[in-house]
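Chain naming here is simple, since letters A, B, ... match the order of the sequence lines and numbering starts at 1 in each. Atom set for the values below is all heavy atoms of this structure, side chains included, hydrogens, waters and symmetry mates excluded.
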Amino acid sequence: MVRTKKKQTDKNFFTDVFEVARLIPPGRVTSYGAIGQYLGLKSSARMVGWAMHGCPKDVPAHRVVNSKGLLSGKHHFKPPEKMERLLKKEGIAVVNDKIVHFADVFWNPSAELALDVAKPRKKRPKLG
DNA sequence: ATTCTGACGATGT
DNA sequence: AACATCGCCAGAA
């Protein structure tokens, strides 16, 4: 699912966002910016968020938060508290709409998926 | 076509 | 640390 040089801003981009979001392991979270960066739209985190606006149900949108670990998207869930509830159910502590130990549960697609699209890394940062 | 908004992020003050 | 500004780019009005 490498971003093509051409017109990545098609529906293609959205579907890719969904695809990556689906890869987020339970009990982990990532940020809009991280997904955007993984897809090559590093500075277009808003697009990722916008993409989630119309994401399928099989996409764990509740595992996607902003870079500060805030549940900025909770307001868009049917019951806004569902996002927080789902996270807690997966073992993620949430206090004041913020993920506790955000760095510990953060899942970076660029590192975990390690595409090595262009530059193979000798060792990838282990988040375990 | 133009303007405004947005589930964001980095930077400046 | 809290707040303000800019950049980002796709949709909606």
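- For the pair A:H76 NE2 and B:dT5 P, the interatomic distance rounds to 15 Å; values are reported in whole Å.
- Considering only the side chain of A:A61, B:dA7 comes nearest among C:dC8, B:dA7, B:dG9.
- Taking atom CZ of A:F13 as the reference point, atom P of C:dA10 lies 9 Å away to the nearest angstrom.
- Atom NZ in A:K78 sits about 17 Å away from atom C1' in B:dA7, given to the nearest Å.
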- Item | side chain to side chain donor-acceptor pair (under 3.5 Å) between A:H62 and A:E84, worked out | CA-CA 8 Å; A:H62 62 278; A:E84 179 175 336; over 6 Å; no
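- B:dC8 atom P lies 12 Å from atom NE2 of A:H75, rounded to whole Å.
- Following rounding to the nearest Å, A:L41 (CG) and B:dG9 (P) show an atom-to-atom distance of 14 Å.
- For C:dC8, its base sits under 3.5 Å from the side chain of A:R46 at one donor and acceptor pair at least.
- Listed pair A:S67 / B:dG9 meets the phosphate criterion, a side-chain N or O lying under 4.0 Å from OP1 or OP2.
- A donor-acceptor contact shorter than 3.5 Å links the side chain of A:R63 to the backbone of A:I24.
- Not a single donor-acceptor pair under 3.5 Å links the side chain of A:S31 to the backbone N or O of A:V65.
- Comparing C:dG11, B:dA7, B:dC8 by their nearest atom to the side chain of A:W50 picks out C:dG11.
- A continuous path of hydrophobic side-chain contacts links A:V29 to A:F77 [ILVMFWY only; heavy atoms under 4.5 Å].
- Atom NE2 in A:H53 sits roughly 16 Å away from atom P in C:dA10 (whole-Å rounding).
- At a threshold of 4.0 angstrom between heavy atoms, the contacts of A:A51 with the nucleic acid are absent.
- Tracing side-chain contacts under 4.5 Å through hydrophobic residues (I, L, V, M, F, W, Y), one reaches A:F13 starting from A:L23; they form part of the same cluster.
- For A:S72 and B:dC8, the shortest distance from a side-chain N or O to OP1 or OP2 is below 4.0 Å.
- Distance A:L70 CG to B:dC8 P: 10 Å, rounded to the nearest Å.
- Nearest nucleotide to the side chain of A:M52, out of C:dC9, B:dA7, B:dG6: B:dA7.
- Across B:dC8, C:dG11, B:dG6, the shortest atom-to-atom separation from the side chain of A:N66 is found for B:dC8.
- We find that OH of A:Y32 is positioned 19 Å from P of C:dA10, with the value rounded to whole Å.
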